[in-house]
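A short write-up of the structure that comes next.
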Amino acid sequence: MKKLFSFILVLLLTILCIISVSALEISNPSSANVELNIQINPTYIVVIPDDTYVSYNSEFTDFQSVKLIQANLEPNKYILVELKADKMFVHVNNNLFTIPFTVVERNNKKLLVNDIVLYKSNDEKKLSIHVEPDEWNYAKAGKYEATVNFNISYTSLT
């Protein structure tokens with residue numbers, strides 16, 4: 001029984017191989033068109049800021065930049081980087097103590113940054129962390145922490 005099953009299996013595989021190796025048959029040999037296609041997948045690297053130390057009493061702290069490098073995007077597509085944060089430094093020992101902050105453009109310190117759009121290689125948005133000077137007056141001693149999440153998506157213009 002096993003030999004018969006093995007023979008049938010080998011026979012089926014041989015038939016399938018013969019069928020799949022067939023070529024385009026042309027009944028009228030005068031001309032024929034064959035379509036050629038190439039699919040190049042988009043590639044890109046987005047560099048985001050590294051961990052950053054904010055000094056006490058500092059109104060603006062360099063938060064590095066978000067930069068698009070080695071990008072090969074489709075036409076009418078771009079990279080969207082969304083910044084998500086609670087926008088509060090929270091005291092590690094007592095979460096009732098907070099210091100509010102915003103992420104702003106380094107060159108235009110009044111412009112808040114929530115979304116960054118990058119279209120081509122070397123597009124870059126330089127950032128700063130901004131803490132209002134009065135907020136430092138209410139800050140209790142100790143270590144504070146905050147997290148900024150960068151959500152990156154490949155998006156269409158339409």
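Because the structure is a prediction, the values reported are computed rather than measured.
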Is it the case that more than 12 heavy atoms not belonging to [X] sit under 6.0 Å from its [atom1] atom?
X      : atom1 : value
Lys77  : NZ    : yes
Asp86  : CG    : no
Lys109 : NZ    : yes
Tyr56  : OH    : yes

When you measure from the side chain of Thr98 to the backbone N and O of Leu96, does any donor-acceptor pair fall under 3.5 Å?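 Such a contact is absent between Thr98 side chain and Leu96 backbone.
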Can you check whether Gln64's main-chain N or O pairs, donor with acceptor, with Arg106's side chain at less than 3.5 Å?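 Yes: the side chain of Arg106 pairs with the backbone of Gln64.
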Measure up the Tyr119 and Tyr78 rings against each other and bin them: parallel (under 30°), tilted (30 to 60°), perpendicular (over 60°).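 Geometry flag for Tyr78 against Tyr119: tilted rings.
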Give the ring-plane orientation class for Phe89 versus Phe101, where under 30° counts as parallel, over 60° as perpendicular and anything between as tilted.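 The arrangement is tilted - the two ring planes meet at 30° to 60°.
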How far apart are the closest heavy atoms of [X] and [Y], and which atoms are they?
X      : Y      : answer
Leu127 : Pro49  : CD1-CG, 4.3 Å
Ser121 : Ala71  : OG-N, 2.8 Å
Tyr154 : Pro42  : OH-CB, 3.4 Å
Ile99  : Val131 : CG2-CG1, 3.7 Å
Leu118 : Lys67  : CD1-C, 4.3 Å
Gly142 : His91  : CA-NE2, 3.4 Å

To the nearest 0.5 Å, tell me how far [X] [atom1] sits from [Y] [atom2].
X      : Y      : atom1 : atom2 : result
Asn151 : Glu82  : CG    : CD    : 6.0 Å
Lys125 : Leu111 : NZ    : CG    : 6.5 Å
Lys87  : His130 : NZ    : NE2   : 13.0 Å
Ile48  : Ile116 : CD1   : CD1   : 10.0 Å

Verify same cluster id: [X], [Y] (apolar side-chain graph, 4.5 Å):
X      : Y      : answer
Trp136 : Phe97  : yes
Ile79  : Leu157 : no
Leu80  : Leu73  : no
Leu68  : Val103 : yes
Val54  : Tyr144 : yes

Could you tell me if the side chain of Leu112 sits less than 4.5 Å from the side chain of Val104, heavy atoms only?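 Sidechains of Leu112 and Val104: in contact.
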I'd like to know whether Asn41 forms a side chain to side chain contact (heavy atoms under 4.5 Å, CB included) with Gln39, so could you lay out the CA-CA distance, the side-chain angles of the two residues, the decisive distance to 0.1 Å, and finally the verdict. CA-CA 6 Å; Asn41 292 326; Gln39 174 63 42; 3.5 Å; yes
Between Tyr44 and Asn72, is a side chain to side chain contact (heavy atoms under 4.5 Å, CB included) present by the stated rule, with each step listed? CA-CA 6 Å; Tyr44 56 89; Asn72 185 8; over 6 Å; no
